[in-house]
Structures are given as structure tokens and as C-alpha cells.
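Naming: A, B, ... by sequence-line order, numbering from 1 per chain.
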There are 2 protein chains.
Amino acid sequence: MKSACAQQVQSLSSGKEPLPEPCAACAARVLSVCDAIDDCDLDRLAAITSVQDIARHQIFVTEGDPADHLFNVTDGTVKVYKLLPDGRQQITGFLLAGDFLGLSFLERYGCSAEAVTRVRCCRFPRKQFAALLTDFPGIERRLLGIASNELAAAQDQMVLLGRKTARERVSTFLLMLSRRAARSGGTTDPVILPMTRTDIADYLGLTVETVSRTFTQLKKGGFIELREAGIVHLSNLSALEDLSQGF
Amino acid sequence: MKSACAQQVQSLSSGKEPLPEPCAACAARVLSVCDAIDDCDLDRLAAITSVQDIARHQIFVTEGDPADHLFNVTDGTVKVYKLLPDGRQQITGFLLAGDFLGLSFLERYGCSAEAVTRVRCCRFPRKQFAALLTDFPGIERRLLGIASNELAAAQDQMVLLGRKTARERVSTFLLMLSRRAARSGGTTDPVILPMTRTDIADYLGLTVETVSRTFTQLKKGGFIELREAGIVHLSNLSALEDLSQGF
DNA sequence: CGCCATTTTGACTCTAGTCAACTGCCGTGG
DNA sequence: CCACGGCAGTTGACTAGAGTCAAAATGGCG
């Protein structure tokens with residue numbers, strides 16, 4: 001994947017615009033679209049990148065607004081959601097480090113995005129990013145792969161929302177978080193829930209009360225242990241997997 | 001989009017393998033991925049294409065099987081679905097003429113696909129199709145666009161499944177069919193439902209009974225008229241749109 | 001320490017699901 | 001030609017799972 005080239009990436013990117021975390025050293029890179037660019041060309045990407053810190057609860061993308069930027073989350077958790085006119089909310093996904101936001105290459109954003117925790121991300125102007133695609137076809141390939149995965153995840157979520165019971169939904173959710181933490185090298189057993197019960201409910205198509213009751217039920221059933229706020233220990237992985245599939 | 005080139009497309013494609021409908025004349029082409037290839041290069045596509053007729057109720061893609069082929073529906077209706085171990089079914093989408101199947105470029109199919117009506121489609125071996133991508137980067141661009149649209153549709157469906165009432169779901173469904181018929185130049189007012197109530201239920205996350213009751217309710221409310229089997233007239237478009245959004 | 005947001009719990013309601021019966025339609029075969 | 005069987009659709013009666021409303025408990029933070 002890496003070609004032989006002199007790497008003054010550090011100096012190059014700092015010469016242009018002092019990036020707090022140069023792309024070459026970015027922990028999220030291997031997970032994300034940036035990995036499609038060789039080390040020696042990373043300055044091209046760095047040139048159009050601006051690092052953005054987003055405070056908790058800040059809404060930084062609004063459904064229907066012109067889609068001027070794409071984002072790559074490098075730290076924190078983002079919720080992506082849609083609203084119905086009367087305020088009902090459906091969270092379509094949570095983004096963690098390495099996740100890409102703005103795949104829908106349409107004129108306007110299809111969803112809103114809000115920082116669940118403090119978030120750091122790389123922001124690319126859409127036009128300039130699109131221009132990079134011609135020079136680095138690998139990015140396009142990579143985007144297609146990301147889109148594939150998102151589509152598969154969306155289909156799983158449709159099964160969950162359309163056909164699973166509350167207990168199955170919550171189990172599935174906990175397992176998903178556990179697997180994603182494993183993927184990005186995080187702790188897999190005590191699962192960390194950065195989001196509120198309300199957010200979980202809005203993701204699972206339930207109410208806060210039902211989510212809370214289901215957590216209690218899973219706790220009493222010996223499937224999980226609720227530690228400090230936002231920390232869940234999965235006591236019985238395989239039993240939970242059975243639950244999540246309706247066995 | 002078209003470049004100047006001699007077009008013996010007819011003879012070329014028939015010289016290779018007699019396609020019943022040469023790509024150049026395919027009605028579904030403008031809607032689909034094939035449009036990314038110029039007329040004069042269509043033989044490259046035709047060479048790896050085989051036209052396939054599929055009987056009603058035939059399952060021609062099975063979740064978990066090696067993803068050997070990609071498909072482009074040129075006629076008929078396909079349901080794409082996932083199953084839970086106990087048989088619960090969630091239909092993730094219906095494919096009409098022009099729709100592409102097999103976007104998830106993973107090793108195995110993520111969903112099963114069954115012909116709802118008699119279906120005609122073009123089938124491409126995945127490996128050979130992938131090889132075309134390097135020669136025709138336009139295809140990749142096009143696929144990314146298709147993936148974008150599918151993702152947006154999936155997100156809308158998540159809102160429907162997670163947050164809408166039965167009445168809102170059915171209204172949304174009817175409007176979607178109407179819009180899609182309009183897109184592909186079909187009749188937009190008397191909407192045609194090629195699928196059964198059970199299929200509609202499995203798409204909307206409801207039961208047959210609820211779907212049936214909701215149709216009756218919409219009929220009594222003067223929103224729709226149920227004609228012969230599978231034909232619905234939308235009597236009051238704007239009222240239906242309000243319904244579908246929860247107003 | 002005390003406030004406020006979040007979470008949990010309880011009591012009750014209601015939407016959609018379940019089970020069952022009935023209708024209508026179509027194709028098959030006597 | 002019509003009787004039969006089977007499937008799709010509709011309707012009814014009842015149930016259950018999740019939602020609603022309200023209040024108490026918990027916990028983080030100034």
C-alpha cells in the first residue's frame with residue numbers, strides 16, 4: 001500500500017497549516033478513507049483538511065442544508081438523525097473514530113448530526129474533496145467500500161426496527177457497540193455507552209422508559225451488569241447473542 | 001455523454017451473444033449503471049452480460065451465498081429481504097426496472113432476492129464487472145451515486161420503521177410507489193401494487209391484518225380507492241402526503 | 001450541599017399483533 | 001360447465017407489548 005517516497009509529511013503538513021495531528025500519524029486513518037492515499041501524497045489531503053473540535057450537544061450538520069463539507073470523525077461520538085415535522089426523532093447511526101460523514105453525495109444533507117460527546121474531526125470542503133477523487137481513484141474505491149458497509153448496516157437496522165422485540169433490539173445494540181469497540185482497538189468487554197437512554201431509544205425505535213426497563217430486565221436475567229453511568233459489562237456474551245437473534 | 005463513434009452496436013452484440021434487447025436500446029439503461037458507458041463501448045458490457053428471465057416466486061439470490069453476480073433489473077418487481085432464524089422477514093426494498101442489485105461489494109450476499117412478478121434482468125459476473133471498473137471509472141462514479149441514493153432511502157425507511165404509525169407507513173408506501181412509477185415514466189395515478197399484502201407488511205414492519213385494516217381505513221377516509229386487485233387510486237395526493245408525515 | 005438532568009419504576013392505556021372465521025377469486029380437474 | 005381447493009384479502013374478537021403519564025430515585029456538577 002505504501003510507495004517508496006521521502007517522507008517529510010510532518011514538515012509538509014506543518015508548513016502548510018499546522019495540523020495538531022498530522023494525517024500520517026492519525027490513529028483513525030487506517031479505519032478511514034484517508035488510508036487510500038499514500039504517505040507521500042498525504043499533504044494533498046492535509047491541504048484541504050481543517051481539524052474541528054465540536055462541543056458536546058452541538059449540532060454541526062443540519063438536514064436540508066447545502067452539503068458543503070464532508071467529515072471524518074477522529075475522536076468522540078456523533079449521532080446522525082432525522083426528524084419528523086412533529087419532532088419525533090430517528091437516529092440512523094452513531095459515528096465513532098474513523099467513521100465518515102457525508103457519504104450521500106447529494107446537494108443537501110440528508111440527516112442532521114450532533115456531537116454526543118466532545119468530538120474531534122477532520123473537515124473537507126466537498127468541492128475540493130471531489131477534485132481529489134480524480135487524482136486518487138483509490139479514494140473512490142474506498143468510498144464505495146464504506147458505502148457498502150453502511151448499506152449492510154442499514155439493512156440490519158431495518159430488520160431490527162421492523163421485526164425485533166425491545167429485548168432483542170437492546171441486546172443487538174450492546175453487541176454492536178462491543179464489536180465496534182473491538183474493531184477500533186478499544187476495550188470490548190466493559191462496553192462504554194457515551195449516549196443517553198433517550199438517544200438509545202431514538203436509535204432503537206423505542207421510548208426511554210422501555211429502554212430503561214429492558215436494561216433492568218437484562219440485568220436481572222444475569223446477561224449484563226450496569227456499572228457506573230455509561231459502563232455495561234456483558235456477563236454472558238453468547239446468551240446475549242442468542243437473545244439478539246430471537247432464540 | 002455520448003462520444004462520436006461508429007455504432008454497430010447491434011451487430012457487435014449479436015456477433016458475440018444474441019441479446020434479446022441490445023444494451024443500446026435498453027429502456028432501463030438511462031436509469032441504471034449501464035448509462036455510464038458510451039454507446040461505442042457498450043459491447044464490452046454486453047460481452048459479460050447474460051439476460052436472465054426469472055419466474056414469479058423464484059428466489060435467485062440467497063443471503064450468505066458467495067456474491068458471484070450482480071444484477072440489473074430491466075423488467076418486473078423484485079423483493080430484497082432478510083430473515084431472522086425463526087422466520088421473521090424484513091423486506092429491505094423492492095426493485096423495479098432500472099434498479100441495481102448487489103451493491104454490497106462483499107464476499108457474500110447480505111440479503112436474499114425473490115421475484116415478485118416475472119422478472120427480466122441483466123446478470124454480470126462480479127469479477128468481470130469489477131474489471132470493467134478500471135477501464136470505465138464512470139461506472140464507479142455512478143455506483144457511488146446509486147449507493148448514495150440507496151443510503152438515503154434506507155435512512156427514510158429507518159424513520160418509517162422506527163417512528164411512524166401504521167397509517168403513516170402505508171401512506172408513505174403508496175406515495176413512494178407513485179413517485180417511483182413517475183420516475184421510470186410509468187403511470188403515476190392509479191398506482192400498481194405487484195406485491196401481496198404480506199409483502200407490504202414485511203416491508204413496513206407490520207402484519208398483514210394491520211395493512212389490510214389500514215387500507216380499509218384509508219379507503220373509508222376518502223384518501224384512496226381500491227380498484228381491481230393490485231390497483232389503487234390516490235384520490236387526494238396532498239392529504240396523503242400530510243398523513244405520511246404525521247400531520 | 002443542593003440543583004437539575006438523567007434514569008428508573010409504577011400504573012394505566014392503546015396501538016398493533018394474534019387467532020380465527022369468512023369472503024372472493026382463480027385455476028384445476030372431474 | 002361447474003365443483004372444489006387453495007390462496008389472498010378482509011373482518012372480528014381478544015391479547016400483549018410497548019407507549020404514556022406521573023413520580024421517585026440517582027448522580028454529576030457547580
Side-chain angles (χ1 to χ4, degrees), chain A residues 55-57 79 84 86-90 114 116-118 160-174 192-221 224-232 243 246, chain B residues 55-57 77 79 84 86-90 114 116-117 160-174 192-221 224-232 243 246:
Chain A
R56 213 165 115 83
H57 294 142
K79 73 174 188 192
L84 285 171
D86 61 0
R88 278 174 286 176
Q89 181 175 95
Q90 177 65 41
E114 178 185 323
V116 166
T117 60
R118 193 162 179 286
L160 180 145
L161 293 171
R163 288 296 177 223
K164 287 191 179 178
T165 64
R167 166 194 287 240
E168 289 162 2
R169 294 183 200 205
V170 173
S171 313
T172 307
F173 176 70
L174 291 173
I192 298 165
L193 311 178
M195 68 289 288
T196 66
R197 295 282 188 270
T198 305
D199 284 339
I200 298 174
D202 284 342
Y203 180 61
L204 298 178
L206 300 170
T207 57
V208 209
E209 293 93 331
T210 300
V211 170
S212 182
R213 275 188 255 271
T214 307
F215 268 106
T216 309
Q217 197 185 328
L218 291 178
K219 188 173 65 178
K220 285 184 180 154
I224 61 173
E225 282 170 42
L226 297 175
R227 304 263 170 88
E228 322 87 88
I231 310 283
V232 184
L243 266 195
Chain B
R56 213 165 114 83
H57 294 144
T77 304
K79 74 174 188 192
L84 285 172
D86 62 0
R88 278 173 286 175
Q89 183 176 93
Q90 177 65 42
E114 178 185 323
V116 166
T117 60
L160 180 145
L161 294 170
R163 288 298 177 222
K164 287 189 180 180
T165 65
R167 167 193 286 240
E168 290 162 0
R169 293 183 200 205
V170 172
S171 312
T172 306
F173 177 70
L174 291 172
I192 298 165
L193 312 178
M195 66 293 286
T196 65
R197 295 281 188 271
T198 304
D199 285 339
I200 298 174
D202 284 342
Y203 181 60
L204 299 179
L206 300 170
T207 58
V208 208
E209 293 93 331
T210 300
V211 170
S212 182
R213 276 188 256 270
T214 307
F215 268 106
T216 309
Q217 197 185 330
L218 290 178
K219 189 173 66 178
K220 285 185 179 153
I224 63 173
E225 282 170 42
L226 297 175
R227 304 263 170 87
E228 321 87 88
I231 311 282
V232 184
L243 265 195

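A/Q90 places a side-chain N or O within 3.5 Å of a backbone atom of A/Y203 that can act as its donor or acceptor partner. Judged by distance alone, the side chain of B/R167 and the main-chain N or O of B/T214 form no donor-acceptor pair under 3.5 Å. With hydrogens and angles ignored, the 3.5 Å screen pairs a side-chain donor or acceptor of A/R169 with a backbone N or O of A/L161. Checked by atom type and distance alone, the side chain of A/R163 never pairs as donor or acceptor with a backbone atom of B/R88 at under 3.5 Å.
In this structure, CG of A/D202 is placed 11 Å from P of D/dG19, rounded to the nearest angstrom. When rounded to the nearest whole Å, the span between CG of B/L226 and C1' of D/dA8 equals 14 Å. Rounded to whole Å, the distance from CG on A/D86 to C1' on D/dG19 is 15 Å. Look at NE2 on B/H57: it is 17 Å from P on D/dG6, rounded to the nearest Å. Atoms NZ (A/K219) and C1' (C/dT8) sit 9 Å apart, rounded to a whole Å. Atoms CZ (B/R227) and C1' (D/dG9) sit 19 Å apart, rounded to a whole Å. Between the CG atom of A/L218 and the P atom of C/dT9 there is a distance of 13 Å, given to the nearest Å. Atom-to-atom, CZ of A/R213 to P of D/dA25 comes out at 16 Å; the value is rounded to the nearest Å.
Nearest nucleotide to the side chain of A/T216, out of D/dT10, D/dG12, C/dT9: C/dT9. Here the nucleotide nearest the side chain of B/E209, chosen from C/dT9, D/dT11, D/dA8, is D/dT11.
Among the protein residues, B/T196 comes within range of the sugar-phosphate backbone only, with heavy atoms under 4.0 Å from sugar or phosphate atoms but none that close to a base.
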Please list each protein N or O that sits under 3.5 Å from an N or O in nucleotides 15-18 of chain D, with the distance.
| from | atom 1 | to | atom 2 | distance (Å) |
| --- | --- | --- | --- | --- |
| D/dA18 | OP1 | A/A166 | N | 2.8 |

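What you find for B/V208 and B/A201 is that their closest heavy atoms are N-CB, 3.6 Å.
Other residues, nucleotides and ligands contribute at most 12 non-hydrogen atoms within 6.0 Å of the CZ atom of A/R56.
Contact between the side-chain N/O atoms of B/R197 and the OP1/OP2 oxygens of D/dT10 is found at a separation under 4.0 Å.
Of the inter-residue distances, the one linking A/L174 atom CG with A/I200 atom CD1 reads 7.5 Å to the nearest 0.5 angstrom.
Nearer the 5' end of DNA chain C, as judged by each residue's closest nucleotide, is the contact made by A/R56, out of A/R163 and A/R56.
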